[in-house]
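Some notes on the structure that comes next.
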Amino acid sequence: MDVHDVSHIPQHFEMLRAQQKTLDEAQARKGQSPFPRVPRMLLITQFTTKLMAKNAAKATRASSKQMMLRSSHTPVPYLPCTQPFANLNNIAIKDLVLETQHRGSYLLVRSVTPPDQLTALMTIVEDEEGDAIMLQLYHQVDNMCPPTMVSDTLPQGQALILKEPYLKVMANGGYGLRVDHLSDVLFLLAGDARIPKPWQQSQAAHKRPALTWKTEGNDNFRNSRFLSAITCYTHALGCSPTVQDAQTIKLNRALAYLKTKQYDAALSDVEAMTEENEPQPAEKGLFRKAEALYHLRRYRECCEVLKGLRIAYPNNKDAKALLNRAISRLAEETYGRYSFRQLHDETKSLRPPHLDRATFTGPVAVRSAGPRGRGLFTTKAVKAGDLLFCEKAFTHAFVDKDDISGRSGDMTILLEPGSRVTMGGQADLIDTTIRKLHQNPSLIPIINDLHHGSYQPVETSSVDGQPVVDSFLIRRIILLNSFGCPVLSTLQDSVCRKKSGNSQKAHSDRGQEDSPWHSTGLWPMASYINHSCTSNARRSFIGDMMIARATRDLEPDTEITWWYCAPRVGNTGGQRDLQTKFAHWGFSCDCSLCRDEIENGTPATTLQKRNTLLSGLEKYLSSPSSSIGSAKARSRLDTLKKTRTLVGAMQATYPRPATSFPRLSLWWGIQMGLMDVLRAPADYRTQEELLLMAELTIEGLNSLGYVIEGGVSCNPVGGDTRQRVAVKEWGLFLDGVVDCWSYLRDFYRLLGAEAQMVAEVEEYAKTAYRMIFGEDETFATYGDKV
């Protein structure tokens with residue numbers, strides 16, 4: 001949702017067609033032996049030459065601050081291997097055939113070149129017979145990780161076992177091994193009996209005392225080579241250390257696991273030494289455990305561990321600081337207590353904008369939504385503007401086009417053959433999510449439970465001591481459930497956008513065209529919310545926090561809905577076009593707006609009349625106004641009267657009440673007229689103008705289904721300035737609603753209405769502001785609108 005879909009741009013559409021052609025041609029070679037075979041030395045030479053050229057180009061790009069645009073495509077899906085290594089049979093490179101996953105087999109290889117990293121970790125490998133081939137390992141490391149992490153993950157000389165290897169035809173017409181599932185590759189430690197003797201290091205190289213391995217691990221850790229440190233500590237634990245040494249080594253490895261975000265593994269290493277029955281639990285072990293629990297967002301458990309640590313070791317200042325943080329997270333998680341102004345400040349300074357905050361789940365629960373699958377429902381009555389939840393992203397990929405000198409400036413074009421092309425962080429989000437789940441298998445159920453369409457994943461959860469994370473399942477989940485997002489939902493982000501089917505720019509109804517955000521994230525709870533064009537909730541963002549608020553008063557057990565694609569304002573006909581977008585998620589919208597167009601609920605002649613009326617107003621507004629000094633210019637009052645005439649004529653084309661059928665064309669016409677007048681200099685406005693503007697503003701809200709009592713006849717000359725304004729029913733919430741309430745407040749203040757009435761209207765403006773921006777602590781920055 002709200003990702004930057006560039007499928008309609010010719011150059012990207014051609015990329016999609018070319019990629020589909022490449023896939024089709026590759027499938028035509030399925031089962032064939034690769035030909036021609038590239039000699040081993042030529043393959044190595046070509047690879048290393050390209051690697052050196054790439055590194056030189058990378059240095060040039062860094063100095064010139066050029067943006068890097070990568071491309072990534074979705075290959076033909078294949079399932080991860082679920083067989084343990086002991087059940088597989090050895091196969092050689094020469095026996096592999098194209099576009100085939102070699103079920104029941106494994107390939108033993110070792111890398112013979114330094115690794116390269118782009119969208120995959122790449123190297124040249126050879127088998128025991130000396131045949132060489134390109135190997136591409138996907139999702140292993142961050143695309144922008146330090147070179148030392150790349151070389152530590154796949155060092156030259158590394159022996160690997162590829163389970164059920166897949167030989168692919170590559171984009172350049174060549175061929176190579178592709179591994180998409182992290183559990184399909186086994187990295188063999190030195191000394192492993194499965195490594196052929198000619199590949200083994202000398203006995204002295206790997207048969208060293210435990211303390212020697214520990215010392216080497218410590219050296220690697222100090223140099224921030226955490227993966228190498230973990231390898232050394234693992235070797236040390238395999239060398240029969242003493243009980244005390246084993247505990248120290250595990251403490252060190254746990255810290256290295258924390259540095260590499262392997263929190264489940266860190267917990268496992270310190271679990272035994274932090275048991276309650278231990279006479280004196282290890283201080284470092286307790287702290288490592290608390291850190292792991294904190295990063296796994298298990299804040300209540302974290303607090304309990306830290307309380308025990310503080311009792312046993314009262315002078316541990318780090319424990320005190322972490323306990324304070326954990327208590328704050330627990331309060332957020334339990335009560336939804338956030339300082340949103342502080343979140344704003346942190347988001348503006350952090351890059352990437354990943355906030356240290358907890359998820360708050362309000363009065364909502366996941367339940368069956370009948371034919372719609374599952375949905376999110378209210379558990380009690382809520383008021384418009386109430387907080388439904390505030391969710392920390394499970395994973396978040398930040399792209400900042402204004403910071404092309406850093407990692408956040410690079411973008412990826414993700415090609416989904418037969419579907420669409422998106423630009424931004426979705427490919428990185430897929431990588432990040434797969435790695436996080438593989439590193440922390442306790443989190444897998446949170447994501448695997450999300451909607452994934454018709455994709456049928458494997459049921460095996462682990463094999464050979466590794467969690468099985470189906471990369472294509474996660475890819476499918478990301479494509480169906482991720483959200484494009486701004487760094488901050490602010491006035492600057494709620495920009496004027498071109499509305500569908502009309503060249504006129506929106507002045508008040510900002511952001512109703514789907515926003516092309518490049519940053520993207522995965523919010524599991526939010527993913528359960530189903531679509532409706534006549535939604536009752538709204539999402540906003542502060543960093544990687546998503547805030548969901550009700551936009552209407554909701555009874556208990558009401559399904560919460562929001563837009564996947566925004567409804568189309570202006571000329572009628574746009575709702576039918578939206579159905580092609582909904583096909584991505586596999587549904588058709590059956591809301592009142594869509595049914596009216598698709599099922600021809602309103603006669604075509606009536607729809608045409610609305611469009612004619614709207615086009616007439618647009619043509620009228622395109623003529624010179626008095627604000628630009630023309631002798632024949634129309635006045636502000638003329639514009640308001642013309643707009644009011646339009647309102648009357650267009651209302652006659654709507655036989656059904658706006659409360660059940662929002663009148664988007666009428667809303668758009670009113671907004672055009674008001675914005676034209678409000679753009680004019682505000683040196684002086686007559687009472688008649690102010691009354692007309694107040695009347696039109698309320699008519700605009702009414703057109704969206706708002707039921708408002710009072711306010712229209714507020715006139716200090718013979719009128720009742722003590723009149724009350726009350727919203728009896730909230731309607732469809734569009735971005736321009738917050739402006740409408742702010743305008744209304746200012747109109748009434750200028751008309752001399754009582755302060756209480758102005759304050760009531762301002763409170764509605766504040767509520768609307770809270771809906772669109774997630775909070776109202778920054779409402780004061782909104783200022784006067786008239």
Side-chain angles (χ1 to χ4, degrees), residues 139-142 145 149 152-153 182-183 217 221 224-231 233-234 237 247 249-275 281-309 318-319 321-323 325-330 332-333 352 354-359 391-397 429 431-449 461-462 465-469 474 521-524 544:
H139 316 304
Q140 289 287 338
V141 294
D142 189 322
C145 69
M149 181 170 285
D152 286 352
T153 302
L182 294 174
S183 56
F221 187 93
S224 299
R225 305 192 73 154
F226 305 118
L227 293 177
S228 293
I230 291 170
T231 300
Y233 294 140
T234 303
L237 291 170
Q247 178 170 301
I249 293 166
K250 282 191 174 182
L251 284 171
N252 291 356
R253 189 171 68 172
L255 184 57
Y257 279 140
L258 290 172
K259 293 292 187 181
T260 53
K261 301 181 180 180
Q262 300 180 70
Y263 307 120
D264 279 3
L267 272 180
S268 178
D269 267 359
V270 301
E271 201 65 49
M273 66 185 78
T274 58
E275 295 291 342
E283 180 178 8
K284 289 183 178 180
L286 288 171
F287 190 70
R288 303 274 195 278
K289 182 176 183 178
E291 285 187 295
L293 290 169
Y294 187 93
H295 289 294
L296 289 170
R297 305 178 190 177
R298 293 159 59 178
Y299 301 114
R300 191 173 300 279
E301 295 174 72
C302 177
C303 286
E304 292 304 315
V305 171
L306 288 168
K307 287 175 183 177
L309 175 56
D318 291 336
L322 184 58
L323 178 58
R325 288 170 60 198
I327 290 173
S328 296
R329 300 295 82 76
L330 194 57
E332 294 161 357
E333 183 177 75
H354 296 165
L355 303 176
D356 182 15
R357 292 297 186 278
T359 291
E391 186 175 11
K392 166 84 171 173
F394 182 83
T395 45
H396 182 266
L429 186 68
D431 282 346
T432 301
T433 304
I434 290 171
R435 282 195 302 275
K436 182 171 182 175
L437 295 176
H438 188 262
Q439 292 168 345
N440 302 284
S442 66
L443 304 176
I444 290 176
I446 297 173
I447 304 305
N448 280 9
D449 190 52
S461 59
S462 64
Q466 289 197 84
V468 175
V469 178
I474 303 306
L522 181 61
W523 288 267
D544 63 342

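Throughout, residue positions are numbered sequentially from 1 according to the sequence presented.
- Taken to the nearest 0.5 Å, the CD atom of Glu301 stands 11.0 Å off from the CG atom of Leu330.
- Lys289 meets the side chain to side chain donor-acceptor pair (under 3.5 Å) test with Glu271; sequence neighbours excluded.
- Annotation: side chain of Arg288 is not in contact with side chain of Asp269 (no heavy-atom distance under 4.5 Å).
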Q.
Between Val468 and Leu182, does the side chain to side chain contact (heavy atoms under 4.5 Å, CB included) criterion hold? Intermediate values first, please.
A. CA-CA 8 Å; Val468 175; Leu182 294 174; over 6 Å; no

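- Not a single salt bridge (Lys or Arg N to Asp or Glu O under 4.0 Å) links Glu333 to another residue, sequence neighbours left out.
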Q | Trace of the side chain to side chain contact (heavy atoms under 4.5 Å, CB included) decision for Lys392 with Asp544 | A | CA-CA 6 Å; Lys392 166 84 171 173; Asp544 63 342; 2.7 Å; yes

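- For Gly217 against Ala229, the heavy-atom pair with the smallest separation is O-CB, 3.4 Å.
- Here the NE2 atom belonging to His438 is positioned 14.5 Å from the OG1 atom belonging to Thr433, to the nearest 0.5 angstrom.
- The distance from atom CD1 of Ile447 to atom CG of Leu522, rounded to the nearest 0.5 Å, is 4.5 Å.
- The shortest heavy-atom contact between Ala266 and Ala254 is CB-O, 3.6 Å.
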Q. Passes side chain to side chain contact (heavy atoms under 4.5 Å, CB included), His139 versus Val469? Steps please.
A. CA-CA 11 Å; His139 316 304; Val469 178; over 6 Å; no

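- Side-chain contact between Leu309 and Leu306 is present, with heavy atoms from C-beta onward closer than 4.5 Å.
- Within the model, atoms CZ of Arg357 and CZ of Arg297 stand 13.0 Å from one another, a figure rounded to the nearest 0.5 Å.
- In this structure Asn440 satisfies the side-chain contact (heavy atoms from CB on, under 4.5 Å) test together with Tyr263, Asp264, Leu296, Lys436, Leu443, sequence neighbours excluded.
- Inter-residue side-chain proximity for Leu322 and Phe287 is flagged as met; some heavy-atom pair is nearer than 4.5 Å.
- Rounding to the nearest 0.5 Å gives a distance of 5.5 Å between CD1 of Ile444 and CG of Leu437.
- Put simply, the side chain of Thr432 does not reach to within 4.5 Å of the side chain of Asp142, judged on heavy atoms.
- Residues His396 and Trp523 form a side-chain contact, since some pair of their non-hydrogen atoms from C-beta on lies under 4.5 Å apart.
- Side-chain contact between Ile230 and Thr234 is present, with heavy atoms from C-beta onward closer than 4.5 Å.
- Once rounded to the nearest 0.5 Å, the distance linking OG of Ser268 with CZ of Arg253 reads 7.5 Å.
- Between Ser224 and Met149, every side-chain heavy-atom pair lies at or beyond the 4.5 Å cut-off.
- Here the side chain of Glu332 pairs a donor or acceptor atom with the backbone of Ala358 at under 3.5 angstrom.
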(Q) I'd like to know whether Leu323 forms a side chain to side chain contact (heavy atoms under 4.5 Å, CB included) with Ile327, so could you lay out the CA-CA distance, the side-chain angles of the two residues, the decisive distance to 0.1 Å, and finally the verdict. (A) CA-CA 6 Å; Leu323 178 58; Ile327 290 173; 3.9 Å; yes

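- Side chains of Tyr294 and Arg329: a donor-acceptor N/O pair is present below 3.5 angstrom, by distance only.
- Using a 4.5 Å cut-off on side-chain heavy atoms (C-beta onward), Phe221 and Lys259 make contact.
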